[in-house]
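Take a look at the structure below.
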Amino acid sequence: MISRRLVGFATLGLPLLATRQARAYRPGAGLEIVRLDRPGEASVNSYLLVGARSVVVLDCQRTAVEARAVVAAASGLGLPVEAIVLSHEHPDHIVGLDVVARAFPEAPIMAGEGTRDWIVREGPALLGAMRGAFGAAIPDRIPEPSRILRPGEMIRLAGTEWRVDQLGPGEASGMTVLHAETEDVLFAGDLFGSRATPWLLDGHARAWIAQLETALPRYGGIGTGLPGHGAAAPVAALIREQLGYLRAFESLVRTELAGGASLPEGAAARIRGATDARFPGYPRVAPQPNLIELNAQSFARELAGR
Ligand SMILES: [Zn+2]
């Protein structure tokens, strides 16, 4: 219920207290990981990597309201914020960045090159569109990332070594993932969600499926995956679950499409019914109430080559 009100009343700033601060995971003496989200529909994760001497913020939420809660949680740890990392360009992960960056002006903003370029190119238009839905809860700028995360580089964050991998188009136009071998943990962005209704409107769901198929042998042995949406779990389970959803959805769309150029009348509603039955209670990663129907139309366009 709180989350439904948030969409309508984000400017009131009321849901701050609703943001959960769950100590999701305590892998060892050196590093703690805190997951921050807001329960319900359209929730998205930020994480705090908490080392002995510094904190790193991973992803920055959809609006200033949730971003302020991230700032409060990070500030409350009493450690300097060493860096802010963005996994990809989608608004639920980057629009709160301005709030976080102003709170921790010394922290470099880290992102993949494609994410940085996207923010520079598309950021102003994105903010205009977001303001239509969320009003004054949308900051007036998205700061440009100041530190590019290169594929294959090793970077020290919160006292732990992480390998940067840059994945190509899938859920988004690209995805920065971070793997800490010593901690047996993968920060995955939206490479996978956990029991969530995904976003397929970028129009390369087939590439996402292929990316997950490649990711399974590559990352499947990692003990803890930190998804962009939903709870942490072993990486292999999260990849298999995301693949299962996408393959089932593709199959539903293909059946309705039946080789045609577009979905017939009523098909999107039928696909939604079948999806809700098979994956009941999966919250949406985005606010659109008809996200499943929009996903069906998008996947159909993709399969029909339109
Ligand atoms: Zn997301």
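Source: prediction; values computed, not measured. Each ligand, and each atom within it, is numbered from 1 in the order the structure gives. Note that the numbering runs from 1 along the sequence shown for the chain.
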Pair H90, E171: side-chain N/O donor-acceptor within cut-off below 3.5 Å: yes
Side-chain H-bond candidate by donor/acceptor type, D92 with H229, under 3.5 Å: yes
Number of protein N, O or S atoms [distance to the Zn ion (ligand 1) under 2.8 Å]: 4
For Q297, side-chain contact (heavy atoms from CB on, under 4.5 Å) partners two or more places apart: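 Q297 satisfies side-chain contact (heavy atoms from CB on, under 4.5 Å) with L263, A268, R301 only.
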Residue pairs fulfilling salt bridge (Lys or Arg N to Asp or Glu O under 4.0 Å) with at least one residue in residues 213-232, sequence neighbours excluded: D165-R218, E213-R247
Side-chain touch L216/R240, heavy atoms, less than 4.5 angstrom: yes
For L294, the rest of its hydrophobic cluster, which grows through side-chain links under 4.5 angstrom: W199, L201, V285, L291
